[in-house]
Amino acid sequence: MARDLDMQDALDRFGADLSSWPDAARAGEARRLALADRGFRARLDGAAALAAGLAGLRDEIDADLARSGAAARVEAAVLAAVPRQAGAGRRWAMVAAAVVVAGALGALADLTILAPIGSRSFEVVVLDPLFLDPAGTLSP
Amino acid sequence: MQSKGPRDGDAIARDRMRLARVADGEHAAFAEIVAEETPRLVRFAATILGTGAPEAEEVVQEALVRLWRQADTWQPDGRISAWLHRVAYRLAIDVLRRRRPTVEIATVDDLADEAPAPEARLIRMENLRALRAAMESLPERQRTAIVLCHFQGLAQVEAAAVMEISEDAYESLLARGRRRLRTILAEEG
């Protein structure tokens, strides 16, 4: 009795396809039981019939969904929602963008900070120490 | 019907290369994944939320867009399909909770079986309408377990990961779902 319940539980957990059972020894026991016990054989056949019925139901649902156009709508919406990258990949585009930005920053620095020496003018102011107080600031 | 699961190293390696192309911005690679996965995901979401439910399409759309966004950070420890199922399932559960905020989905489905397993007999499966009605009457988690196994072809370890439960808990849900279906169909005789 306990063995029967154990095998029925295994049949419900792992299904009618004994070759897919995770425990080969248990699957072997199920095969022997199916040959020796008409009741278990009937339960095995019932599990196989249920699996076949569910496969048929799956196909029917697929046919319904195909008629509804659901998958086509989803595909179109998804592909429209993601950006297209023409030519090189996303990473190369990012690298190229970084190079352009770096170049632009460099040019900007060149124009504003590192202007050629010859274009600059300098004023030199010499402070007469007589006009500085001990702190080094200009005395009023 | 069931795949080899995450030990299918070739499939995982292939998915990793495909996601690398997507991360690189290859729209064609992403379009290929979308074409392959969308029909199965729509079927999955529709059986959880109800065929004809507009949210089913939205859930699948969101899952696929998230894949695009996260391609850069893809962790190659599983298949794209399993990841998409997990995301779609979470989104579907959110929809179900918005529909029925007072129902604790997890507790309803985990009640112990009320009746012992019926006498085994060959159940006539030609009446798909009865089977569809029986599926729709299952508690959500038992229905999900059945769908992941029989409709989506996920290995038990992958299906357990989709539902974010242990493999043993998944097997238990699957077993209860199958027993409940047999009981319902036997009563309809």
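When reading the values below, keep in mind they use all heavy atoms of this one structure, side chains included, and skip hydrogens, waters and symmetry mates. Just so we're clear, the structure is a prediction, and the values are computed from it rather than from any experiment. Lettering of chains follows the sequences in order, A, B, ..., and the numbering in each one begins at 1.
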field: Least distance between heavy atoms, A:Gly15 atom then B:Arg178 atom
entry: N-NH1, 3.3 Å
statement: The side chain to side chain contact (heavy atoms under 4.5 Å, CB included) partner of A:Asp12 among B:Arg176, B:Glu171, B:Arg182 is B:Arg182
message: Rounded to the nearest 0.5 Å, what separates atom CZ in B:Arg132 from atom CG in A:Asp64?
response: 5.0 Å
- prompt: Quick one: CD on B:Gln152 to CZ on A:Arg58, what's the gap to the nearest 0.5 Å?
  reply: 9.0 Å
Atom pair CG (A:Leu79) and CD (B:Gln61), whose distance is rounded to the nearest 0.5 Å: 10.0 Å
- request: Show your reasoning for whether side chain to side chain contact (heavy atoms under 4.5 Å, CB included) applies to A:Val78 and B:Phe30.
  value: CA-CA 10 Å; A:Val78 169; B:Phe30 183 63; 3.6 Å; yes
message: Using the side chain to side chain donor-acceptor pair (under 3.5 Å) criterion, which residues pair with B:Thr38? Sequence neighbours excluded.
response: none
- request: Go through the structure and list residues passing side-chain contact (heavy atoms from CB on, under 4.5 Å) with A:Asp59, not counting sequence neighbours.
  value: none
task: Begin from the C-alpha positions of B:Leu41 and A:Val74 and carry the test side chain to side chain contact (heavy atoms under 4.5 Å, CB included) through to its verdict.
output: CA-CA 10 Å; B:Leu41 286 171; A:Val74 170; over 6 Å; no
task: Please determine, among A:Ala66, A:Ala71, A:Ala72, the option with the most heavy-atom pairs under 4.5 Å with chain B.
output: A:Ala71
task: Working to the nearest 0.5 Å, report the span between NE2 of B:His150 and CG of A:Leu50.
output: 6.0 Å
statement: Honestly, the part of A:Ala81 sitting under 4.5 Å from a heavy atom of chain B is side chain
message: Is B:Ala35 close to chain A through its backbone or its side chain, or both, or neither, when contacts mean heavy atoms under 4.5 Å?
response: both
query: Minimum heavy-atom separation for B:Phe151 to A:Leu54, with atom names?
result: CE1-O, 3.3 Å
- prompt: Side chain, backbone, both or neither: which part of B:Ala46 has a non-hydrogen atom closer than 4.5 Å to chain A?
  reply: side chain
query: Which bit of A:Leu65 comes within less than 4.5 Å of chain B, counting heavy atoms only: side chain, backbone, both or neither?
result: side chain
Full working for salt bridge (Lys or Arg N to Asp or Glu O under 4.0 Å) between A:Asp9 and B:Arg179: CA-CA 10 Å; A:Asp9 183 62; B:Arg179 282 196 288 269; 3.7 Å; yes
- request: Could you tell me which portion of B:Thr47 (side chain, backbone, both or neither) has an atom closer than 4.5 angstrom to a non-hydrogen atom of chain A?
  value: side chain
Stepwise side chain to side chain contact (heavy atoms under 4.5 Å, CB included) test for B:Leu64 and A:Glu75: CA-CA 9 Å; B:Leu64 288 163; A:Glu75 284 185 49; over 6 Å; no
- line: Correct closest heavy-atom pair for B:Val42 and A:Ala70 would be CG1-CB, 3.9 Å
message: Please determine whether salt bridge (Lys or Arg N to Asp or Glu O under 4.0 Å) holds for the pair A:Arg13 and B:Asp168, giving the CA-CA distance in whole Å, both sets of side-chain angles, and the decisive distance to 0.1 Å.
response: CA-CA 9 Å; A:Arg13 282 176 174 261; B:Asp168 188 62; 3.2 Å; yes
